[in-house]
K.L.:
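Here it is, the structure in full.
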Amino acid sequence: MQDLGAARAILQAAGERPGALCVLTGAGMSAESGIPTFRDALTGLWSRFDPAELASEEGFRAHPQRVWDWYAERREGVRRAEPNAGHHALAAYARRWPGRLVLVTQNVDDLHQRAGNAGAIRLHGDILADRWLQACPQRTACTAADARPGRPPHCAECGNLLRPGVVWFGEELPPAALEAARRAAESCAAMLVVGTSGAVWPAAGLVGQARQRGAKVIIVNPAPSEIDDEANIVMRGTAAQLLPRLLDATDPGD
Ligand code: BV8
């Protein structure tokens, strides 16, 4: 594949300094692990809802059980999933060249972490974590949560609801994570963008930020995305197929 040689040359030219390579991943990174991509996740019984109805605070407040059940189903899928060859290729690369790669993910699963990229910057939170919907109105922290049919787990004392520890639409991204991601995008010499439609902001804006600062951009995606025109090279293929070939054991300097 011609693009593979050109893409490897970009990685080689990125050099060895810390943060020379920034990798931005989206839901497509986990597709070959059996986790539906965000829009696919709305297939089946969820197909009749708009993402904003399910992945937003107002959607949760309006239908707490429906949203809680959607996340419970997705959590089960994450727990059953295993990192794929793409996750392992990124973790192996990070082990081989300590510090060279900064991994930024939009994904809320834990597959990068389970593959070995413990330091992945999580822009949209963690689907396996819970947090309280609001600060406890009566005490510093809510206590025992109990779940009753028809109501997600909630505080027995004040009724506060537990919610998934993800960033919903309309919610700010964690400032420290977003700042670290922006720093990585602005200081890298090459950005590898894997498995994202480029539809969700401000994450999608990281690609243009890298490009504007002179980084070379490689996209890995089997289908067109909204950010293809930001790329120097677009590789039509999947994460599990292409990342091992792009990042394999030979030094990008070879
Ligand atoms: C905010 C957690 C403001 C929840 C998620 C600027 C312009 C336009 C709109 C906005 C803007 N700024 C803000 C907005 C609004 C909104 C937004 O972006 N809307 C979009 C839909 C138009 N953004 C926000 O609300 C953000 N918040 O900006 O707040 C603010 C500021 C101050 C104070 C208060 C508020 C918050 C956005 C975060 C939302 N949460 N996730 C959950 O998961 O339940 S986003 C969610 O969507 C996932 O994280 C997922 O990552 C993301 C979708 O993007 P992708 O990862 O790209 O997934 P997708 O399914 O779209 O595409 C998959 C791709 O993979 C495809 O291209 C496919 O071809 C490819 N693929 C498939 N198989 C493979 C593959 N690739 C490789 N290999 C394969 N095998």
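Indexing begins at 1, ligand by ligand and atom by atom, following the structure's order. Not measured: the values here are computed from a predicted model.
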K.L.:
What atoms of ligand 1 come closer than 4.0 angstrom to any heavy atom of Pro222?
P.N.:
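That gives atoms 71 (N), 74 (C), 75 (C), 76 (N), 77 (C) of ligand 1.
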K.L.:
For the residue pair Tyr71 and Trp168, categorise the inter-ring angle as parallel (less than 30°), tilted (30 to 60°) or perpendicular (more than 60°).
P.N.:
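Judged by the thresholds at 30° and 60°, the geometry between Tyr71 and Trp168 is tilted.
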K.L.:
Report the member of Gly237, Gly26, Gly28 with the shortest heavy-atom distance to atom 65 (O) of ligand 1.
P.N.:
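Ranked by closest heavy atom to atom 65 (O) of ligand 1, first place is Gly28.
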K.L.:
Would one find an N or O of Phe38, backbone or side chain, under 3.5 Å from an N or O of ligand 1?
P.N.:
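Looking only at distances, the answer is yes, because the N/O contact criterion of under 3.5 Å is met.
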K.L.:
Can you name the atoms of ligand 1, numbered from 1 with element, that are less than 4.0 Å from a heavy atom of Ala223?
P.N.:
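By the 4.0 Å cutoff, the relevant atoms are 69 (O).
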K.L.:
Could you check Thr25 against Gln106 for side chain to side chain donor-acceptor pair (under 3.5 Å), going step by step and ending with a plain yes or no?
P.N.:
CA-CA 6 Å; Thr25 63; Gln106 300 173 83; over 6 Å; no
K.L.:
Any non-hydrogen atom of Leu173 lying under 4.0 Å from ligand 1?
P.N.:
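So Leu173 counts as touching ligand 1.
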K.L.:
Name the closest protein heavy atom to atom 78 (N) of ligand 1, giving the residue it belongs to and the distance to 0.1 Å.
P.N.:
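Result: Ala239 N, 3.0 Å.
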K.L.:
Dump the intermediate steps for salt bridge (Lys or Arg N to Asp or Glu O under 4.0 Å) on Arg236 and Asp228, then the final yes or no.
P.N.:
CA-CA 11 Å; Arg236 284 284 172 254; Asp228 281 2; 2.6 Å; yes
K.L.:
Starting from atom 32 (C) of ligand 1, which protein heavy atom do you reach first, and at what distance in Å?
P.N.:
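Residue, atom and distance for the closest contact: Glu172 CG, 3.5 Å.
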K.L.:
Looking at ligand 1, is there an atom of it that comes within less than 4.0 Å of some heavy atom belonging to Arg74?
P.N.:
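It does; at least one heavy atom falls under 4.0 Å.
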K.L.:
I need the atoms of ligand 1 closer than 4.0 Å to a non-hydrogen atom of Ala31, numbered in the order shown.
P.N.:
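So the atoms of ligand 1 that pass are 73 (N), 80 (N).
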K.L.:
Hey, could you give me the CZ/CZ distance between Arg163 and Arg131, rounded to the nearest 0.5 Å?
P.N.:
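The CZ atom of Arg163 sits 3.5 Å away from the CZ atom of Arg131.
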K.L.:
Going by the atom numbers of ligand 1, which of them fall below 4.0 Å from some non-hydrogen atom of Ala27?
P.N.:
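What qualifies from ligand 1 is 55 (P), 56 (O), 58 (O).
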K.L.:
Of all the heavy atoms in Val108, does at least one lie under 4.0 Å from an atom in ligand 1?
P.N.:
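Under 4.0 Å: yes for Val108.
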K.L.:
Identify which one of Pro64, Pro153, Pro152, Cys155 satisfies the side chain to side chain contact (heavy atoms under 4.5 Å, CB included) criterion when paired with Leu162.
P.N.:
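Answer after filtering Pro64, Pro153, Pro152, Cys155: Pro153.
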K.L.:
Evaluate side chain to side chain donor-acceptor pair (under 3.5 Å) for Ser197 paired with Glu226, printing each intermediate quantity in order.
P.N.:
CA-CA 6 Å; Ser197 61; Glu226 296 186 20; 5.6 Å; no
K.L.:
Of all the atoms in ligand 1, which lie at a distance below 4.0 Å from a heavy atom belonging to Trp168?
P.N.:
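Selected atoms, number and element: 36 (C).
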K.L.:
Just to verify, what does Arg75 make a salt bridge (charged side-chain N to carboxylate O under 4.0 Å, His left out) with, not counting sequence neighbours?
P.N.:
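Partners of Arg75 by the salt bridge (charged side-chain N to carboxylate O under 4.0 Å, His left out) criterion, ordered by chain and then number, come out as Asp130.
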K.L.:
Glu32 to ligand 1: N or O pair under 3.5 Å?
P.N.:
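Yes, Glu32 has an N/O under 3.5 Å of an N/O on ligand 1.
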K.L.:
Quick one: does ligand 1 sit under 4.0 Å from the side chain of Pro164, the backbone, both or neither, non-hydrogen atoms only?
P.N.:
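No part of Pro164 comes within reach of ligand 1.
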K.L.:
N/O to N/O below 3.5 Å, does that happen between Val200 and ligand 1?
P.N.:
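It does not: no N or O of Val200 is found under 3.5 Å from an N or O of ligand 1.
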K.L.:
What part of Ser225, side chain from CB on, backbone N/CA/C/O, both or neither, has a heavy atom under 4.0 Å from ligand 1?
P.N.:
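None of Ser225 does.
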K.L.:
Going by an N to O cut-off under 4.0 Å, is there a salt bridge joining Asp110 and Arg122?
P.N.:
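Arg122 and Asp110: not salt-bridged.
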K.L.:
Got the closest protein heavy atom to atom 16 (C) of ligand 1, with its distance?
P.N.:
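Nearest protein contact, heavy atoms only, for atom 16 (C) of ligand 1 is Phe169 CD2, 3.9 Å.
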K.L.:
Do the side chains of Val102 and Val217 join up, straight or via other hydrophobic residues, at under 4.5 Å, putting them in one cluster?
P.N.:
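Cluster IDs for Val102 and Val217 match.
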K.L.:
What atoms of ligand 1 come closer than 4.0 angstrom to any heavy atom of Gly195?
P.N.:
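In order of numbering, the contacting atoms are 63 (C), 64 (C), 65 (O), 76 (N), 77 (C).
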K.L.:
Among Asn221, Thr238, Asp50, which one has a heavy atom closest to atom 68 (C) of ligand 1?
P.N.:
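It is Asn221 that holds the nearest heavy atom.
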K.L.:
Is any side-chain N of the basic residue among Arg213 and Glu186 closer than 4.0 Å to the acidic one's carboxylate O?
P.N.:
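Yes.
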K.L.:
So which protein heavy atom does atom 22 (C) of ligand 1 come closest to, and at what separation?
P.N.:
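Nearest neighbour among protein heavy atoms for atom 22 (C) of ligand 1, to 0.1 Å: Ala199 O, 3.7 Å.
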K.L.:
Taking 4.0 angstrom as the limit, do Arg79 and Asp109 come out as a salt bridge?
P.N.:
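The answer is no: the pair does not qualify as a salt bridge.
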K.L.:
Pick one of side chain, backbone, both or neither for how Leu123 approaches ligand 1, counting any non-hydrogen atom pair under 4.0 Å.
P.N.:
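Neither part.
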K.L.:
How far is atom 40 (N) of ligand 1 from the closest protein heavy atom, and which atom is that?
P.N.:
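Residue, atom and distance for the closest contact: Val167 O, 2.7 Å.
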K.L.:
Would you say Ala55 and ligand 1 have an N/O pair spaced under 3.5 Å apart?
P.N.:
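So ligand 1 has no N or O lying under 3.5 Å from an N or O of Ala55.
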K.L.:
Considering the heavy atoms of Tyr71, write down every atom of ligand 1 situated less than 4.0 Å from one of them.
P.N.:
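Listed by number with element, the hits are 4 (C), 42 (C), 44 (O).
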K.L.:
Give the residue and atom name of whichever protein heavy atom lies nearest to atom 25 (O) of ligand 1, and the separation in Å to one decimal.
P.N.:
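Going by distance alone, atom 25 (O) of ligand 1 is nearest to Gly170 N, 2.7 Å.
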K.L.:
In sequence, state the C-alpha distance, the side-chain angles, and the governing distance for Asp248 and Arg96, and then conclude on salt bridge (Lys or Arg N to Asp or Glu O under 4.0 Å).
P.N.:
CA-CA 10 Å; Asp248 77 6; Arg96 255 195 323 278; 5.8 Å; no
K.L.:
What atoms of ligand 1 come within less than 4.0 Å of a heavy atom belonging to Glu171?
P.N.:
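Near Glu171, meaning under 4.0 Å from one of its heavy atoms, ligand 1 has 1 (C), 26 (C), 27 (N), 29 (O), 35 (C), 36 (C).
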K.L.:
With respect to atom 51 (O) of ligand 1, which of Met235, Glu226, Gln106 exhibits the smallest heavy-atom separation?
P.N.:
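Looking at heavy atoms only, Gln106 sits closest to atom 51 (O) of ligand 1.
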K.L.:
Using only atom types and a distance under 3.5 Å, with no angle test, would you say the side chain of His63 pairs donor to acceptor with the backbone of Arg61?
P.N.:
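Looks like no, no N/O pair under 3.5 Å.
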K.L.:
Hey, any chance Leu11 and Leu242 share a hydrophobic cluster, counting ILVMFWY side chains that come within less than 4.5 Å of each other, even indirectly?
P.N.:
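They do share one cluster, since a chain of ILVMFWY contacts under 4.5 Å joins Leu11 to Leu242.
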K.L.:
Note the single closest protein heavy atom to atom 15 (C) of ligand 1, along with its residue, its atom name and the distance in Å.
P.N.:
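Minimum-distance protein heavy atom for atom 15 (C) of ligand 1 reads Trp201 O, 4.9 Å.
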K.L.:
Cation over ring, Arg74 on Trp70, under 6.0 Å and within 45°?
P.N.:
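Pair Arg74/Trp70 counts as cation-pi.
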K.L.:
Should Leu103 and Val167 be counted in the same cluster of Ile, Leu, Val, Met, Phe, Trp and Tyr side chains packed under 4.5 Å apart?
P.N.:
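No, separate clusters.
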K.L.:
Who's the nearest protein heavy-atom neighbour of atom 61 (O) of ligand 1, and how far?
P.N.:
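Sorting protein heavy atoms by distance from atom 61 (O) of ligand 1 puts Arg39 NH1, 2.5 Å first.
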K.L.:
Within the structure, is a non-hydrogen atom of Pro202 found at a distance of less than 4.0 Å from ligand 1?
P.N.:
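A heavy atom of Pro202 does come that close to ligand 1.
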K.L.:
Decide yes or no on side chain to side chain contact (heavy atoms under 4.5 Å, CB included) for Leu54 and Arg66, but give the supporting numbers first.
P.N.:
CA-CA 8 Å; Leu54 293 170; Arg66 173 198 294 171; 3.9 Å; yes
